[in-house]
Amino acid sequence: LFRSILFRKCTNRLNLCNIILATSTATITIILLQALDSFLELIESSIEYTEDNSSNILRPSSGNSLLNLGLLKQIKDMVEDMKDRMAWKASGISSTDGNSWQ
């Protein structure tokens, strides 16, 4: 009887720890996705600013623009990919062929 009660208590605590861990992981994922959203907004604003003002931007004597549009677009693509991968993993969905991301 004592072992049975002890086993149930340990199982309940282990289940509670798993729930807390899953909740913490989900919370961290949500926070990271929100941070990526904010960063993506900043990058998109920078791209828009650069495109809209490409002829009006004051250029240093070297002739280079202040913002590198190509690099900003590369960063945007990388952040979007990272965000998509995180969201896919957080969803718990996996494909039938064993590849969770395609």
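Here Thr27 pairs with Thr23, Ile31 under the side chain to side chain contact (heavy atoms under 4.5 Å, CB included) rule; sequence neighbours left out. Applying the side chain to side chain contact (heavy atoms under 4.5 Å, CB included) criterion to Leu32, with sequence neighbours excluded, gives Ile28, Met86. Contacts of Asp37 classified as salt bridge (charged side-chain N to carboxylate O under 4.0 Å, His left out), with partners at least two apart in sequence or in another chain: Lys83. Looking at residues two or more places apart in sequence or on another chain, you find no salt bridge (charged side-chain N to carboxylate O under 4.0 Å, His left out) involving Glu44.
Asp52 contributes atom CG, which lies 10.5 Å from atom OG of Ser45 (distance to the nearest 0.5 angstrom). Leu40 CG to Asp77 CG: the interatomic distance, rounded to the nearest 0.5 Å, is 9.5 Å. In this structure, CD1 on Ile43 lies 5.0 Å from CD1 on Ile75, to the nearest 0.5 angstrom.
Every pair tested for salt bridge (Lys or Arg N to Asp or Glu O under 4.0 Å) that includes a residue from residues 16-34 fails, sequence neighbours excluded, so the list is empty. Evaluation of the salt bridge (Lys or Arg N to Asp or Glu O under 4.0 Å) test over residues 14-27, restricted to residues two or more places apart or in two chains, returns none.
Under a 4.0 Å N-O distance rule, the pair Glu51/Lys73 qualifies as a salt bridge.
When the side chains of ILVMFWY residues are joined at heavy-atom separations under 4.5 Å, either directly or via intervening members, Ile47 and Leu71 end up in a single hydrophobic cluster. A continuous path of ILVMFWY side-chain contacts below 4.5 Å connects Val79 to Leu69, so both sit in one hydrophobic cluster.
Nearest approach of Ala87 to Leu33, heavy atoms of both residues: N-CD2, 4.2 Å.
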